[in-house]
Amino acid sequence: MTASARTTRRTGPELLRLLAALGWVVAITALILAGLGALPGWIAGEPREVRTVASVEIAERNLGARLALPSYFPAHLGWPPARIRVAGGKGGAVELTFRDRAGGGDQLQLLQATTTGEPIPTVFEPPGSELTSSPATVGGRPARLTRRTIGGEVWQQLAWERDGCRMVLRTRGDVDELFRIAHSAHRRGTP
Amino acid sequence: MPRPTMAPSTLTVDLLAQGIFHSLVAALFIEALVRSWAVEHPAQRVALRLVALAYPLLVFPALVLLFPQRGDEAFRDAALLSGRRWRDVPFLGLDLYLVFVICLAAAGLLLLLIDVVALLRTLRRGRPPPGRLDAPRTAALDAALAPLSPGGDRPPVVCLDRDLPSLFCAGVRRPTIYVTRGAIDLLDAGELRAALAHELAHLGRRDPARSWVMLGLRCAMWWNPTFQVLARALARDAERLADERGVGLGGDRLALASALLKLHRATGGLDARRTLLFGGALAGTLRRARSQDLEGRVRALIEPAPALLPLPWLRLGLAATSMTGLLYFVT
């Protein structure tokens, strides 16, 4: 047997061992990184597809769409939103949570999908039960008004479509105020 | 649609955090490969660890500059790990991301300062003036050097008139081997030859100059604890490499192991007590760490010479490529 043939025979298994060990190390590293990547979501109790962003502008950039915001905004609520959560990246949905200026917990939530016909993701659906539900209208378009419990408290929820995109508004406050806010919702940058 | 922009301070924290985390992953990845491939030869260990060391210096800046889309919020969906998600985790009202950066940067600075303070104190003490040896000691030194300089060119060796047994190589432009009177008295002929061969290996690689370059890089990367630890690991590898090359130059493996043990026993822990911040508290730990380093070197020396693994360049290339590929998806 020639020297080169011996070398080839030795190199073959060695190359296989080399690649197998490399594949093993890459796979383990990727698994650990993915686990660490998912850890903040587990700790915060949020699924991987949901992320908190710092501003409405960043949410719009993530979603690739202008958001509809109310032009009527009760003075007792604080602006900007206390929490902005985005799900699904481009064409996904957003949840804006507002708190009372005087303190206390969440007071108003505005959820909207940015793709026509797409539902609001279930990750934005808080645990609780529906008490009553009745048809309503927002700007002449059909809507549904629901009384529901969230975290042991009663919230009013109004769901409708605007330009084909699903919108949901929830409040712990007054129903009339809820409708006024819903009526005034318009896409940013449009009159 | 315009690209999302970050405030400069946020961007700095973001890049610092990424740099630290990428270095950590790169170092652990390379360490896992060193163990999985059973890399024993110090030259190959040095080469692989240099890949990890070069990562924060060259590859990470290149990733940031060449692939700015990795900084986009939208990239977080594709990323294996996005450090910024830790910003969403509430912890005693603190920003965990910022706490992570501050703690690790402080650790990096501390690791650097420990070595810099020790070095500054050594420099301030200065090197003792060269001394003259009596005839028997000069003869012992010449006898040890003769087999190591077959061409007749005597390597630059300076004798120091000190009781403390010590041999070292220093000097950037003209690296020189320094031998104390105490070392010549302590070591027998074979041990002295092996220890001098070890220092000759340092001299041949111009290790003193390399260590100054490394110190400069460590100062530039003061905020990166992984870089500091890797630099120390490389210094240990350089010692093992000098052991092997010294053996190749004519030193005997067992004689060098014996010389190392004798020198360690005569000097071990002294420097730690005198040069470190909080030296009293850390002296014991550092002495144990040095003893472990020495144990590893002696173990390697009493074993047969480690073999070079085949396909070294392929290993380096694959290690660098796969590491960079993985870290591309870590933002």
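Below, all heavy atoms of this structure are taken into account, side chains as well, without hydrogens, waters or symmetry copies. In what follows, every chain begins at residue 1, and chains take the letters A, B, ... in the order their sequences are listed.
Contact between B:Ser322 and A:Val26 at its shortest, heavy atoms only, is CB-CG2, 3.8 Å. Looking at every heavy atom in both residues, B:Leu81 comes nearest to A:Leu33 through CD1-O, 3.4 Å.
Using a 4.5 Å cut-off on side-chain heavy atoms (C-beta onward), A:Leu18 and B:Leu309 make no contact. Contact annotation: the side chain of B:Trp37 never approaches that of A:Val25 to less than 4.5 Å [non-hydrogen atoms, C-beta and beyond].
Taking a 6.0 Å sphere around CZ of A:Arg180, one finds it holds 12 or fewer heavy atoms contributed by other residues, nucleotides or ligands. Within 6.0 Å of CZ on A:Arg101 lie more than 12 heavy atoms contributed by other residues, nucleotides or ligands.
Using a 4.5 Å cut-off between heavy atoms, A:Ile28 makes no contact with chain B at all. If you measure heavy-atom distances from B:Leu28 to chain A, you find no contacts under 4.5 Å at all.
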Query raised in the report: Going through the distances and angles, do A:Leu15 and B:Leu314 end up as a side-chain contact (heavy atoms from CB on, under 4.5 Å)?
Result: CA-CA 9 Å; A:Leu15 184 62; B:Leu314 182 67; 3.3 Å; yes
